[in-house]
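Quick caveat, the model's predicted, so the values are computed rather than measured.
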Amino acid sequence: MIATILITAVFLLVALPLLAFFSYMYILSKRPKHSIIRSHPFLGWVRYLLEKLGPEFRQYWFDNDTEGRPFSRADFVGIVYAAKYRTDLISFGGRRDYEKAGFYISNAMFPKLTSELKVDNLQLVPGRKYVITDEGLFTRKERTVDESVKRWLLADDDVIIVGQDRPQPWRLKGMFGASATSFGAVGENYIQSTGSGAAMAGGSWINTGEGGVAGVHLATGVDVVSQIGPGMFGFRDDQGKFSIEAFKHKAENPNIKAFELKFHQGAKIRGGHLEGSKVTEAVAAARLVPVGKTVNSPNRFEMLTSPEEALRFIGSLQEAGGKPVGIKIVVGDPHRLEPLFSAMLALNIYPDFITVDGSEGGSGATFKAMADGMGLPLYAALIILDDTARKFGVRERIRIFASGKLITPDKVAIALALGADCVNSARGFMMANGCIMAMQCHTGKCPTGITTTDAKYQAALAPEEKQWRVMNYILQLREGLFSLSAACGLDSPRGLRREHVVFTTESGQTTRIADLFPYPEPQ
């Protein structure tokens with residue numbers, strides 16, 4: 001009797017569901033859309049199941065710690081530890097493949113002591129981090145600790161001034177901020193946590209992306225760079241044309257420190273794209289577009305067809321708003337940059353800053369052919385832009401912002417040495433907010449609540465907790481940047497130059513970047 005009951009239970013709980021599943025697969029195989037299903041119905045469905053699970057298996061099981069793209073597991077864990085625990089300590093040595101060619105920072109024989117650094121750490125501010133109290137095989141017990149923290153700001157005489165000729169210049173005491181991420185591509189909770197964390201860290205900023213300025217951008221009190229894209233979202237009239245009145249209105253806001261015209265973006269030079277499912281009422285209000293309608297932006301400002309027209313437009317905005325106006329570009333080659341700089345000299349009009357985005361720059365959703373094949377990687381582009389500005393004798397008039405996978409102090413230090421004044425990061429801040437690289441950015445169903453405007457998914461991101469992680473990430477990166485500068489014998493990251501970076505080939509040949517790419521003389 002008992003045996004009969006057990007056999008019946010096993011049949012009902014195991015065999016019957018399996019039989020139903022395979023019957024369902026067999027029925028589907030009778031009207032297949034894929035050739036593999038026609039010849040091997042059951043194995044074909046198993047194949048598609050494994051294909052669907054492949055990215056997760058590779059990320060967590062099969063890729064080693066330094067293999068993953070666009071970011072490795074080691075990169076990801078490093079940001080998590082900086083954001084949660086405010087530390088970048090590792091055990092048993094680095095995981096970099098030192099036999100491969102790459103950039104290295106050149107240390108000095110006699111580094112600077114911490115007491116010799118030109119750093120503003122006078123004002124301590126409230127901070128919060130996690131502390132691991134017990135770590136088992138499957139569990140980790142943590143608690144939060146409130147403490148006073150240093151902010152690692154630049155000294156007053158090292159302050160970066162953007163728009164030195166404007167009535168309202170932008171003064172920066174930090175060199176690291178959040179890159180352009182448009183409202184709609186990301187949700188309110190992400191903007192709130194990132195803006196609040198950057199505001200608490202001080203000396204940082206958040207770029208609105210081309211999606212326009214939303215109330216949540218301004219509510220955090222952080223410095224805001226308002227980006228204007230070719231779609232003119234947030235700066236358009238009823239016909240979709242640029243509105244100088246809308247621009248002047250935004251320029252009056254004290255939290256908006258600068259404006260950036262997006263000529264190019266590394267991940268999508270052909271223009272932006274936002275699915276209609278992400279265009280909520282709040283997104284539509286910020287962009288001045290219809291609710292629920294898919295939004296595409298062109299790959300160029302319709303009214304700008306030459307360097308002269310672009311510069312005159314920049315000049316008109318500088319005069320109308322009284323604040324810095326810059327441009328965001330991707331570098332193709334030196335010759336394509338030179339007409340722009342020639343026009344600057346001819347018209348005596350200069351953008352206050354140029355953001356150079358590497359082809360490796362990221363986006364929530366983009367086009368593969370553009371992301372993989374168009375434009376130069378950041379380090380090469382930085383050298384070309386810096387060289388061109390020096391050759392035309394205008395380098396001191398223009399600040400250079402760099403963006404493109406710059407998420408750790410060493411990568412930021414190399415970018416500064418190659419010509420950047422400041423560095424933007426988008427995906428670094430996304431990972432500090434809890435991004436797990438689930439590759440669902442384009443679907444609107446981001447499981448961590450970052451690249452979504454869906455209220456259900458956004459609820460996963462708690463701004464009141466994540467803001468501390470953003471603050472920690474900024475502070476840990478700035479502290480690391482000062483530490484690397486001290487190791488170079490410098491008292492501030494502002495002193496990093498090409499002579500502080502070397503390039504080593506796979507055969508072991510080492511050359512200073514200053515020798516590979518010497519600074520050009522002005523024409």
Side-chain angles (χ1 to χ4, degrees), residues 105-108 110-125 148-177 198-205 221-225 254-255 257-258 322-324 326 350-355 382 385-386 389-390 393-402 406 409-410 412-424 471 474-501 514 519 522:
I105 301 170
S106 174
N107 62 289
F110 299 99
K112 293 288 186 182
L113 300 174
T114 302
S115 60
E116 297 176 302
L117 294 176
K118 287 172 55 180
V119 58
D120 181 358
N121 274 331
L122 296 177
Q123 182 184 7
L124 300 180
V125 295
S148 296
V149 296
K150 299 175 180 178
R151 294 197 291 176
W152 295 93
L153 297 169
L154 295 171
D156 288 341
D157 58 349
D158 272 341
V159 165
I160 301 162
I161 301 177
V162 184
Q164 56 193 0
D165 299 325
R166 304 298 139 236
Q168 300 178 63
W170 182 26
R171 297 171 58 85
L172 276 171
K173 295 202 71 175
M175 309 171 79
F176 186 69
M200 293 189 298
S204 192
W205 62 91
V222 70
D223 287 0
V224 173
V225 177
N255 289 338
K257 303 298 183 182
K323 292 183 175 180
Y350 307 90
D352 295 301
F353 63 95
I354 297 178
T355 300
L382 255 179
L385 177 60
D386 187 51
R390 290 176 184 276
V394 301
R395 181 62 182 88
E396 295 305 315
R397 304 191 66 139
I398 298 171
R399 298 291 169 259
I400 295 178
F401 286 66
L406 301 176
D410 57 318
V412 171
I414 292 172
L416 296 177
L418 297 184
D421 295 294
C422 299
V423 163
N424 290 323
M471 179 187 185
I474 295 171
L475 298 187
Q476 187 62 39
L477 190 139
R478 290 201 299 228
E479 181 179 358
L481 197 53
F482 269 97
S483 297
L484 291 172
S485 302
C488 291
L490 302 170
D491 58 15
S492 168
R494 294 283 280 152
L496 286 166
R497 296 290 183 270
R498 294 182 191 180
E499 56 264 29
H500 298 114
V501 179
Y519 288 114

- [ ] Report the C-alpha distance between Leu490 and Leu496 in whole Å, list the side-chain angles of each, state the deciding distance to 0.1 Å, and finish with yes or no for side-chain contact (heavy atoms from CB on, under 4.5 Å).
- [x] CA-CA 8 Å; Leu490 302 170; Leu496 286 166; 3.7 Å; yes
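- With contacts defined as side-chain heavy-atom distances shorter than 4.5 Å, the pair Asn424/Trp205 qualifies.
- Between Asp386 and Arg498 the shortest side-chain heavy-atom distance falls below 4.5 Å.
- Trp152 is not listed as a side-chain neighbour of Ile474, based on a closest heavy-atom distance of 4.5 Å or more.
- For Arg497 (side chain) and Ala514 (main-chain N/O), no donor-acceptor pair under 3.5 Å exists by modelled atom type.
- Side-chain contact between Met175 and Arg494: present, with at least one pair of heavy atoms (C-beta onward) separated by less than 4.5 Å.
- Expressed to the nearest 0.5 Å, how far CG of Asp156 lies from NZ of Lys118 amounts to 10.0 Å.
- Using a 4.0 Å cut-off between charged nitrogen and carboxylate oxygen, Asp120 and Arg151 do not count as a salt-bridge pair.
- Here the NZ-CZ distance, from Lys150 to Arg478, works out to 14.0 Å after rounding to the nearest 0.5 Å.
- In this structure a side-chain-to-backbone donor-acceptor pair under 3.5 Å is present from Ser204 to Phe176.
- If you take CZ on Arg395 and CZ on Arg390, they are separated by 6.0 Å, rounding to the nearest 0.5 Å.
- Residues that satisfy the ring-ring contact (aromatic ring centres under 6.0 Å, His included) test with Phe353, not counting sequence neighbours, are Phe401.
- To the nearest 0.5 Å, atom CD1 of residue Ile161 and atom CG of residue Asp352 are 12.0 Å apart.
- The line from OG1 of Thr355 to CG of Leu385 is 10.0 Å long, rounded to the nearest 0.5 Å.
- In this structure, Arg397 and Asp165 have side chains that are in contact, with non-hydrogen atoms separated by less than 4.5 Å.
- In this structure, NE2 in His500 is found 12.0 Å from CG in Leu416, a value given to the nearest 0.5 Å.
- A salt bridge does not link Arg171 to Asp223: none of the charged side-chain nitrogens sits closer than 4.0 Å to a carboxylate oxygen.
- Contact of the Lys323 side chain with the Arg166 side chain is not registered, since no non-hydrogen atoms from C-beta on lie closer than 4.5 Å.
- Checked for salt-bridge contact, Asp158 and Lys173 miss the test: no charged N lies under 4.0 Å from a carboxylate O.
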